[in-house]
Amino acid sequence: MGRKITIIGAGSVGATIAYTLAMEDNSVSEIVLIDINKEKVMGEVMDIAQGTFFRTPISIIAGDYEDAKGSDIVIITSGIARKPGQTRIELTQTNVNILKSITPQITAVAPEALYVIVANPVDIMTYVFIKISGIPENRIVGSGTILDTARLRYGLSEHYDIAQKNIHAYVFGEHGDTSFVPWSCADVSGAPLDDYAELMKKQGKTFETLDKDAMTEYVHKSGGQIISRKGATFYAVSASVCQLCATLMASSDSVMTVSSMLHGEYGIEDVCVSVLTLVGPNGVQGRLEVKLTDEEIAKLKASADSLKEVISSIEI
């Protein structure tokens with residue numbers, strides 16, 4: 001029996017997630033797309049549905065909250081992008097207010113679903129949803145830094161001329177400017193990143209010395225560069241969310257850098273940030289508290305503190 005996924009928000013990200021799931025994931029048999037803009041969502045569904053001839057049968061509808069009943073996964077993408085001159089806190093309050101409007105409507109009809117929060121600022125939105133929804137915490141997961149991690153691995157794969165699947169490196173912290181790379185646990189197929197270049201010299205391959213600060217900046221700036229060039233980012237984030245959904249529908253757990261509530265890990269409490277997290281068919285199963293350097297722990301705490309500062313400035 002196929003899975004049912006509801007997506008709230010038919011903007012660029014929500015619509016692209018719906019398209020990707022409809023075209024590529026045969027484990028999904030029903031998709032409900034909900035948006036306040038009824039004409040927009042009907043157009044998106046019509047466009048996507050007309051391409052489903054090329055896959056196993058699937059139901060995809062432009063629906064209302066009642067149509068989300070029985071959903072296995074609910075993905076929340078609703079929110080607005082920051083306008084010129086608008087502060088981060090102003091954006092946060094606006095999107096929190098949207099989430100507060102959505103939450104009781106969706107949880108009333110889909111109380112057993114796993115919830116994936118994608119709307120930005122995703123760490124704060126995940127935190128708010130946990131606080132107001134009444135949904136068990138383990139069934140709520142923010143997309144966090146899975147996209148940042150994908151960007152990092154792409155950048156490293158280009159630098160080292162190696163397949164991305166061979167690279168194990170992660171982005172921790174908020175999905176934003178205070179995120180960082182814990183280089184101490186980065187490797188290429190088991191070889192510590194700092195050793196990899198030396199090992200490859202024996203194979204006749206040489207690389208320029210990795211500029212770690214420049215690579216971190218690449219991760220931080222990629223989204224803004226894409227927005228400045230084409231107006232929005234949606235392909236890579238949609239791919240990362242669909243991978244998260246596949247993990248939530250899998251038969252066993254996987255480790256991902258998603259955003260979830262910390263309870264003392266690395267000395268951090270009552271805030272959602274991304275660290276290595278065990279995720280699977282029962283949602284969030286716990287954090288993999290790998291050993292970090294003192295400097296990396298300090299960066300993680302600073303990232304968490306920056307989010308707490310914003311949370312203290314908004315009305316939940």
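Remember, predicted model here, so these are calculated numbers, not experimental data. We're numbering straight along the sequence, starting at 1.
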Contacts of type side-chain contact (heavy atoms from CB on, under 4.5 Å), residue T77, not counting sequence neighbours: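 Partners of T77 under the side-chain contact (heavy atoms from CB on, under 4.5 Å) test: I7, V13, I17, I75, V118.
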
Partner residues of N26 under the side-chain contact (heavy atoms from CB on, under 4.5 Å) criterion, sequence neighbours left out: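 So N26 forms a side-chain contact (heavy atoms from CB on, under 4.5 Å) with R55, T56.
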
Partners meeting side chain to side chain donor-acceptor pair (under 3.5 Å) with K301 (sequence neighbours left out):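 None.
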
Set of side chain to side chain donor-acceptor pair (under 3.5 Å) partners for S71, sequence neighbours left out: T6

Indicate yes or no for a side-chain donor-acceptor contact from [X] to the backbone of [Y] under 3.5 Å, with no hydrogens or angles considered.
| X | Y | value |
| --- | --- | --- |
| R139 | A113 | yes |
| N97 | Q93 | yes |
| K131 | I316 | no |
| N95 | P121 | no |
| Q243 | V241 | no |
| S303 | L300 | no |
| R153 | A169 | yes |
| Q105 | S101 | yes |
| D72 | K4 | yes |

Looking at [atom1] of [X] and [atom2] of [Y], how far apart are the two atoms once the value is rounded to the nearest 0.5 Å?
| X | Y | atom1 | atom2 | value |
| --- | --- | --- | --- | --- |
| M256 | S274 | CE | OG | 10.0 Å |
| I31 | I60 | CD1 | CD1 | 4.5 Å |
| L147 | L244 | CG | CG | 12.0 Å |
| I268 | D305 | CD1 | CG | 7.5 Å |
| D123 | L307 | CG | CG | 5.0 Å |
| T92 | L99 | OG1 | CG | 12.0 Å |

Exercise: identify the closest heavy-atom pair between [X] and [Y]:
| X | Y | value |
| --- | --- | --- |
| G280 | L248 | O-CD2, 3.3 Å |
| L33 | G9 | CD1-O, 3.9 Å |
| S133 | I140 | OG-CD1, 3.7 Å |
| A110 | A68 | CB-O, 3.9 Å |
| L199 | A191 | CD1-CB, 3.7 Å |
| F234 | S12 | CD2-CB, 3.4 Å |

Whether Y115 and F129 hold their rings parallel, tilted or perpendicular, with breakpoints at 30° and 60°: tilted

Decide yes or no for [X] and [Y]: does some side-chain heavy atom of the first lie under 4.5 Å from some side-chain heavy atom of the second?
| X | Y | value |
| --- | --- | --- |
| H175 | N120 | yes |
| Y65 | I34 | yes |
| V310 | I124 | yes |
| K299 | L292 | no |
| M125 | V96 | yes |
| I5 | L21 | yes |
| V275 | Y170 | no |
| D253 | T247 | no |

Count the heavy atoms of every other residue, nucleotide or ligand shown that sit under 6.0 Å from [atom1] of [X], and state whether that count exceeds 12.
| X | atom1 | answer |
| --- | --- | --- |
| M42 | CE | no |
| K69 | NZ | no |
| I36 | CD1 | no |
| Q285 | CD | yes |

Is [X] linked to [Y] within one hydrophobic cluster, defined over Ile, Leu, Val, Met, Phe, Trp and Tyr using a side-chain heavy-atom separation of less than 4.5 Å?
| X | Y | value |
| --- | --- | --- |
| V109 | I132 | yes |
| V74 | V128 | yes |
| V279 | V255 | no |
| L91 | I117 | yes |

Cation-pi, Y266 ring and R287 (6.0 angstrom, 45 degrees): no

Selection residues 218-237 - residue pairs positive for side chain to side chain donor-acceptor pair (under 3.5 Å), sequence neighbours left out: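 Applying side chain to side chain donor-acceptor pair (under 3.5 Å) to every pair that reaches into residues 218-237, excluding sequence neighbours, yields S179-H220.
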
Do [X] and [Y] meet the criterion of a side-chain donor-acceptor pair at a distance under 3.5 Å?
| X | Y | answer |
| --- | --- | --- |
| T149 | T257 | yes |
| Y19 | D47 | no |
| S184 | E296 | yes |
| E174 | T178 | yes |

D64 bridged to K38 by N-O distance under 4.0 Å: yes

Inter- and intrachain pairs under salt bridge (charged side-chain N to carboxylate O under 4.0 Å, His left out), touching residues 184-201, at least two apart: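 Listed once each, the pairs are D194-K212, E198-K201.
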
side-chain hydrogen bond (donor to acceptor under 3.5 Å, both in side chains) evaluation trace for D270 with Y127: CA-CA 8 Å; D270 196 38; Y127 178 89; 3.1 Å; yes

